[in-house]
Amino acid sequence: MFYIQRNGNSNTIVYELNLDQSGNLFESNPLKVYWKRYSEGGMVKKLNVIQEKLAFGYNSIKKRDGYFEFTLVAYPEKILFLRKTEKGYRVFTHINKMWANLDHIYVFAEGLGVFPKVKFAEMYGSELKYSLPVYEKINFNL
């Protein structure tokens with residue numbers, strides 16, 4: 001659905017539809033979140049508890065069939081929507097005050113370890129009407 005990358009790390013956090021073996025969405029947990037560890041040959045790895053609870057996890061609410069509202073735990077101010085469309089599920093949000101399909105997020109943080117200080121995040125997507133690229137930079141603690 002979308003992914004997150006950050007500076008100083010070649011690995012990626014992936015947000016994927018969480019489907020059962022019959023292709024039905026797990027409505028109580030509609031997204032599967034995991035590391036794609038490019039530094040380890042592309043290995044897929046689960047998030048640890050701290051990463052899930054404080055950084056890359058999410059909270060979701062089913063609004064109606066095929067439509068969910070969710071937020072990332074690290075930035076609950078930004079509301080995202082998972083919605084079933086004629087082209088399958090998509091993630092929508094406001095990017096630079098326009099409704100857009102979310103493609104990916106880039107996070108710039110200083111410091112290493114368990115609690116690096118996030119300086120900014122950049123959101124990339126395509127606006128809904130014409131599918132043109134949209135971008136927004138969100139600054140933190142400046």
Side-chain angles (χ1 to χ4, degrees), residues 1-128 131-142:
M1 301 310 307
F2 69 99
Y3 60 91
I4 297 176
Q5 294 179 319
R6 68 167 280 218
N7 64 306
N9 189 333
S10 62
N11 302 314
T12 299
I13 299 290
V14 176
Y15 293 78
E16 177 180 295
L17 281 179
N18 192 12
L19 304 173
D20 66 18
Q21 291 187 8
S22 300
N24 299 312
L25 188 67
F26 282 108
E27 293 184 345
S28 62
N29 190 26
L31 295 171
K32 186 176 4 176
V33 185
Y34 58 87
W35 281 102
K36 182 78 170 186
R37 307 285 294 195
Y38 294 107
S39 64
E40 298 172 30
M43 174 189 302
V44 171
K45 203 169 186 181
K46 289 175 119 178
L47 300 180
N48 67 35
V49 174
I50 292 172
Q51 292 164 344
E52 184 177 338
K53 299 294 183 195
L54 299 177
F56 303 114
Y58 70 95
N59 295 304
S60 69
I61 299 169
K62 180 180 176 182
K63 293 299 202 175
R64 60 182 179 272
D65 282 345
Y67 187 73
F68 300 82
E69 181 178 300
F70 70 101
T71 58
L72 301 177
V73 296
Y75 189 53
E77 295 86 353
K78 179 61 102 175
I79 299 171
L80 302 123
F81 302 91
L82 175 66
R83 187 177 73 169
K84 189 172 188 175
T85 70
E86 63 279 351
K87 295 180 182 179
Y89 280 93
R90 299 278 191 254
V91 172
F92 300 95
T93 192
H94 279 102
I95 300 177
N96 202 16
K97 300 179 185 171
M98 291 179 271
W99 278 108
N101 291 307
L102 177 62
D103 180 65
H104 68 280
I105 300 170
Y106 174 78
V107 175
F108 182 87
E110 291 180 342
L112 300 172
V114 179
F115 299 107
K117 184 157 181 81
V118 175
K119 295 304 220 177
F120 64 85
E122 296 174 317
M123 299 187 78
Y124 296 86
S126 56
E127 58 86 25
L128 296 183
S131 296
L132 296 171
V134 290
Y135 164 84
E136 180 179 0
K137 184 175 182 178
I138 302 166
N139 290 303
F140 300 101
N141 303 319
L142 294 178

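These numbers come from a predicted model, not from an experiment. Just so you know, these numbers use all the heavy atoms, side chains as well, and skip hydrogens, waters and symmetry mates.
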Practice prompt. Over all heavy atoms of both residues, which pair between Ile105 and Ala121 is shortest? Give the atoms and the distance, please.
Written response: CG2-CB, 4.3 Å
Worksheet, complete the sentence: NZ (Lys63) and CZ (Arg83) are apart, to the nearest 0.5 Å, by 14.5 Å
Practice prompt. Could you check if a side-chain atom of Phe68 sits within less than 4.5 angstrom of a side-chain atom of Leu25, using non-hydrogen atoms only?
Written response: yes
Discussion item. As an exercise, state the distance from OH of Tyr89 to NZ of Lys84, rounded to the nearest 0.5 Å.
Written reply: 5.0 Å
Worksheet entry | His94 vs Trp99, side-chain contact (heavy atoms from CB on, under 4.5 Å): CA-CA, chis, key distance, verdict | CA-CA 5 Å; His94 279 102; Trp99 278 108; 3.2 Å; yes
Response to the item:
Those residues at least two apart in sequence (or on a different chain) that pass side chain to side chain contact (heavy atoms under 4.5 Å, CB included) with Leu47 are Ile13, Val33, Trp35, Gln51, Glu52, Phe56
Worksheet item: How far does NZ of Lys117 sit from CZ of Phe140, to the nearest 0.5 angstrom?
Response: 11.0 Å
Worksheet entry | Qualifying residue, where the test is side chain to side chain contact (heavy atoms under 4.5 Å, CB included) with Tyr15 and the options are Leu80, Val91, Ile4 | Ile4
Worksheet item: Does the side chain of Leu54 come within less than 4.5 Å of Val73's, by heavy atoms?
Response: no
Fill in: Interatomic spacing from CG in Asp20 to CZ in Phe26 - rounded to 0.5 Å
5.0 Å
Worksheet entry | Check: Thr85 side chain, Lys87 main-chain N or O, donor-acceptor pair, under 3.5 Å | yes
Worksheet, complete the sentence: What one should report as the nearest heavy-atom pair of Lys78 and Ile138 is CE-CD1, 4.4 Å
Worksheet item: Do any N or O atoms from the side chain of Asn7 and from the backbone of Ala109 form a donor-acceptor pair under 3.5 angstrom?
Response: yes
Worksheet item: Closest approach of Glu136 and Ile95, non-hydrogen atoms and distance?
Response: OE1-CA, 3.5 Å
Fill in: Any donor-acceptor N or O pair under 3.5 Å, side chains Tyr3, Gln5
no
Practice prompt. Quick one: closest heavy-atom pair of Glu110 and Phe108, and the distance?
Written response: CG-CE2, 4.0 Å
Worksheet item: Rounded to the nearest 0.5 Å, how far apart are CG of Asn139 and CD of Glu122?
Response: 9.0 Å
Discussion item. Nearest 0.5 Å, please: how far is OG1 in Thr71 from CD in Glu77?
Written reply: 9.0 Å
Donor-acceptor contacts, no H, no angles, side chain residues 39-46, under 3.5 Å, sequence neighbours left out:
unit_1: Ser39; atom_1: OG; unit_2: Asn11; atom_2: OD1; d: 3.1
unit_1: Ser39; atom_1: OG; unit_2: Asn11; atom_2: ND2; d: 3.3
unit_1: Glu40; atom_1: OE2; unit_2: Arg37; atom_2: NE; d: 3.3
unit_1: Glu40; atom_1: OE2; unit_2: Arg37; atom_2: NH2; d: 3.0

Worksheet item: Taking Asn18 for the side chain and Asn29 for the main chain, is one N or O donor matched with an acceptor at less than 3.5 Å?
Response: yes
Worksheet item: Strictly under 6.0 Å, is that where the ring centroids of Phe92 and Phe81 end up?
Response: no
Worksheet item: Minimum heavy-atom separation for Ser60 to Pro30, with atom names?
Response: OG-CD, 3.5 Å
Discussion item. Angle between ring planes, Tyr58 versus Phe70, binned at 30° and 60°: parallel, tilted or perpendicular?
Written reply: perpendicular
Response to the item:
In terms of heavy-atom contacts, Ile79 and Thr93 come closest through O-OG1, 2.7 Å
